[in-house]
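Note that the coordinates shown come from a computational prediction; the quantities given were computed from them, not determined experimentally.
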Amino acid sequence: MGHGVLVILLIGSTAIIMRSIWMLFKHPGIKEHLMPASHLLILFIVYGTIISGFGMIYALLSIMGYPVIKLELEQSDFFSFIEACIYFSSTTILSVGYGDIVPVGAGRWIAALQALIGYLLPIAFVLSSVIHHNRTAK
């Protein structure tokens, strides 16, 4: 495939994603907002805070000499190591990980707690959105 076709596919995919996100806030067939934009912003802030916080926990415990994660490849510098910890944190909370970085020892319990938080956050988000929608509908 040519470079131009790939750019067009990238732009098209981005447009589809943006349109889907826009539909969360205002559906063309419904006169009221489906979800306030503030809810999505708060969700991003909460996830970002949790991801970076747990990433720093993994990094600090590792630096202190407590092995909590096992990297597939050794990181060459400090910032690469921090990036790997943040990456591991994000894959742990948003899925169950990819297996390229593995929790070990106490890191397993920390990762399990983070995964549990990752499963509970969407439930709390949906419930708060429903409650907000019901309050504004009255």
Side-chain angles (χ1 to χ4, degrees):
M1 255 194 266
H3 186 69
V5 173
L6 293 176
V7 169
I8 291 171
L9 288 174
L10 180 64
I11 291 170
S13 298
T14 303
I16 290 170
I17 291 168
M18 296 307 292
R19 173 73 176 168
S20 297
I21 292 172
W22 178 80
M23 287 181 69
L24 284 173
F25 302 111
K26 183 99 173 148
H27 191 275
I30 301 174
K31 292 183 180 178
E32 64 186 36
H33 292 285
L34 293 177
M35 181 178 84
S38 61
H39 283 208
L40 187 62
L41 177 64
I42 289 169
L43 189 64
F44 275 117
I45 291 170
V46 168
Y47 269 108
T49 304
I50 292 172
I51 288 170
S52 60
F54 272 95
M56 289 301 111
I57 288 171
Y58 297 126
L60 293 172
L61 287 174
S62 295
I63 291 169
M64 291 170 54
Y66 301 104
V68 289
I69 59 172
K70 181 177 135 186
L71 301 171
E72 195 171 274
L73 299 171
E74 288 299 319
Q75 301 302 313
S76 59
D77 62 359
F78 179 74
F79 292 108
S80 296
F81 176 69
I82 296 295
E83 178 188 16
C85 290
I86 298 291
Y87 163 77
F88 174 70
S89 179
S90 65
T91 59
T92 300
I93 199 166
L94 298 173
S95 65
V96 270
Y98 295 120
D100 54 343
I101 302 174
V102 181
V104 293
R108 291 179 178 176
W109 291 102
I110 297 168
L113 175 64
Q114 186 180 12
L116 178 64
I117 291 169
Y119 282 115
L120 294 177
L121 272 178
I123 295 167
F125 174 70
V126 168
L127 286 176
S128 68
S129 294
V130 168
I131 291 168
H132 177 267
H133 180 69
N134 287 343
R135 284 184 184 162
T136 57
K138 289 181 181 181

Exercise. Could you give all pairs that pass the side-chain hydrogen bond (donor to acceptor under 3.5 Å, both in side chains) test and reach residues 43-53, with sequence neighbours left out?
Worked result: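 Found none.
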
Problem set entry | Qualifying side-chain hydrogen bond (donor to acceptor under 3.5 Å, both in side chains) pairs with a residue from residues 114-125, counting only residues at least two apart or across chains |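 Output for this query lists Tyr58-Gln114, Ser89-Gln114.
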
For this session: Mind checking the OG1-CD1 spacing from Thr92 to Ile101? Nearest 0.5 Å is all I need.
Result: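 Rounded to the nearest 0.5 Å, the OG1-CD1 separation comes out at 8.5 Å.
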
For this session: Could you list the residues that satisfy side chain to side chain donor-acceptor pair (under 3.5 Å) with Tyr98, not counting sequence neighbours?
Result: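 Result, side chain to side chain donor-acceptor pair (under 3.5 Å) vs Tyr98: none returned.
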
[X] side chain near [Y] side chain, heavy-atom distance below 4.5 Å:
{"X": "Val68", "Y": "Arg108", "result": "no"}
{"X": "Leu121", "Y": "Ile50", "result": "yes"}
{"X": "Leu71", "Y": "Asp100", "result": "no"}
{"X": "Val102", "Y": "Phe88", "result": "no"}
{"X": "Ser80", "Y": "Asp77", "result": "yes"}

For this session: Could you go through the side-chain contact (heavy atoms from CB on, under 4.5 Å) check for Phe54 and Ile86 one step at a time?
Result: CA-CA 8 Å; Phe54 272 95; Ile86 298 291; over 6 Å; no

Problem set entry | Minimum heavy-atom distance Cys85-Ile69, with the two atoms named |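 So the two residues come closest at SG-CD1, 3.7 Å.
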
Got a sec, which residues hit side-chain contact (heavy atoms from CB on, under 4.5 Å) with [X], two or more places apart in sequence or on another chain?
{"X": "Ile11", "answer": "Val7"}
{"X": "Val104", "answer": "Pro67, Lys70"}
{"X": "Ile17", "answer": "Ile21"}

